[in-house]
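Since this is a predicted model, take the numbers as computed values, not measurements.
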Amino acid sequence: MKIGVLGLQGDVAEHVAALETAGATPVVVRRVDELGSVDGLVIPGGESTTIGKLLARFGLLEPLRRRVQSGMPVLGTCAGLILMASDVIGAEDAPHRLGVLDVSVRRNAYGRQVDSFEAAIDVAGIDRPVQVAFIRAPAIERIGDGVEVLAEWEDRPVLVRQKHMLASSFHPEITGETAIHRAFVAVATQNRET
Ligand code: GLN
């Protein structure tokens, strides 16, 4: 299973390592032809305004949107969630978003960089708490009808799934965890088989 990691900005290497441990073959994606060769894609955390601008500049925004809309599995974490969301609430919109996931998010809702924290969260389908990190994380403030909540933190959804799309407010890749990557590889495998 070839899983791409969007490599324009953000913590790319950590996702590559986690995917490898989860049994996938990771590929860094920066160009349209590289996008064409993968069975699924991780959109890492970083800065959503920057990643969005680079997606537009490298001509990836439309091709990526089309592939996700036609069923390519995607995992968006933190800034990746913002890029996937259909709406951004508040003054800080990120231009050049994909808008493929039926949720509304608010950027930087968990405070500034210095307010970053780790938490052990319960995730549907995973039989032990998963250690994750919140770094200037977006809050999910609305979820659409077809969106399933897989994890909450302090009564707010922090991991959601809509069909072949998974997205998290948190970073699952910098705490030495691979459970979320394994779950994503399972979604991608299921998607290929159906
Ligand atoms: N605060 C960033 C944004 O709004 C996201 C932070 C992250 O990805 N860790 O894009």
- Using a 4.5 Å cut-off on heavy atoms from C-beta on, say whether the side chain of L61 contacts that of L98. yes
- With the side chain counted from C-beta on, respond yes when S168 and L81 share a heavy-atom pair under 4.5 Å apart, and no when they do not. no
- Any I135 side-chain heavy atom under 4.5 Å of I174 side chain: yes
- Query: E152 and V149: which non-hydrogen atoms are nearest, and at how many Å?
  - Reply: CG-CG1, 3.8 Å
- Item | Gap between atom CG of D39 and atom OG1 of T189 - 0.5 Å precision | 8.5 Å
- Message: For the CG atom of L55 and the NZ atom of K53, what is their distance to the nearest 0.5 Å?
- Response: 12.5 Å
- Query: Would you say R65 has more than 12 foreign heavy atoms packed within less than 6.0 Å of its CZ?
  - Reply: yes
- Task: State whether the side chain of N191 and the backbone N or O of G71 hold a donor-acceptor pair below 3.5 Å, judged by distance alone.
- Result: yes
- Query: Does any non-hydrogen side-chain atom of P138 lie less than 4.5 Å from one of C78?
  - Reply: yes
- Task: Decide whether Q131 and E118 meet the rule of one side-chain donor and one side-chain acceptor closer than 3.5 Å.
- Result: yes
- Does F134 share a hydrophobic cluster with I89, counting links as ILVMFWY side-chain heavy atoms below 4.5 Å and allowing steps through other members? no
- How long is the span from the CD atom in E34 to the NZ atom in K2, to the nearest 0.5 Å? 9.0 Å
- Message: Tell me the closest heavy-atom pair linking G4 and V29, and the distance in Å.
- Response: CA-CG2, 3.8 Å
- Task: With the side chain counted from C-beta on, respond yes when Y110 and F170 share a heavy-atom pair under 4.5 Å apart, and no when they do not.
- Result: no
- Sole residue of V68, L64, V5 in side-chain contact (heavy atoms from CB on, under 4.5 Å) with L41: L64
- Check for a donor-acceptor pair, side chain of Q9 on one end and backbone N or O of E47 on the other, with a separation under 3.5 Å. yes
- Hey, does V132 have a side-chain heavy atom less than 4.5 Å from the side chain of W153? no
- Item | Which atom of D102 lies closest to which atom of V147, heavy atoms considered | O-CG2, 3.5 Å
- Could you grab the distance from atom NE2 of H181 to atom CG of L19, nearest 0.5 Å is fine? 5.0 Å
- V185, V16: one ILVMFWY side-chain cluster at the under-4.5 Å cut-off? yes
- Item | Rounded distance (nearest 0.5 Å) linking atom OG of S48 with atom CE of M84 | 13.5 Å
- Query: Taking NZ, NE, NH1 and NH2 as the nitrogens, is one of them in D93 or R107 under 4.0 Å from a carboxylate oxygen of the other?
  - Reply: no
- Do V38 and R67 have side chains that get closer than 4.5 Å, going by heavy atoms? yes
- Item | hydrophobic_cluster_shared for V160 and M165, side chain cutoff 4.5 Å | yes
- Item | Reported CZ-to-CG distance for the pair R30 and L35, which is rounded to 0.5 angstrom | 13.5 Å
- Query: Do you reckon V42 sits in the same ILVMFWY cluster as V74, going by side-chain contacts under 4.5 Å, direct or chained?
  - Reply: no
- Is it true that E177 and R128 have a side-chain N and a carboxylate O under 4.0 angstrom from each other? yes
- Query: Within a strict 4.5 Å, meaning less than it, do heavy atoms of the L60 and V32 side chains meet?
  - Reply: yes
- Task: Please answer whether the main-chain N or O of L150 pairs with a side-chain N or O of R161 as donor and acceptor at a distance below 3.5 Å.
- Result: no
- Task: Check S169 against A139 and note the closest heavy-atom contact, atom names and distance.
- Result: OG-CA, 4.4 Å
- Query: With hydrophobic residues grouped by side-chain heavy-atom distances under 4.5 Å, do V100 and L166 end up in a single group?
  - Reply: no
- Side-chain (S86) to main-chain (L101) donor-acceptor, under 3.5 angstrom: yes
- Got a donor-acceptor contact below 3.5 angstrom from the T77 side chain to the G45 backbone? yes
- When every non-hydrogen atom of I82 is compared with those of A94, the smallest separation belongs to CG2-CB, 4.1 Å
- Kindly give the heavy-atom pair with the smallest separation between T21 and R182, and that separation in Å. O-NH2, 3.4 Å
- Message: Quiz question: by atom type and distance under 3.5 Å, do the side chains of E92 and N108 form a donor-acceptor pair?
- Response: yes
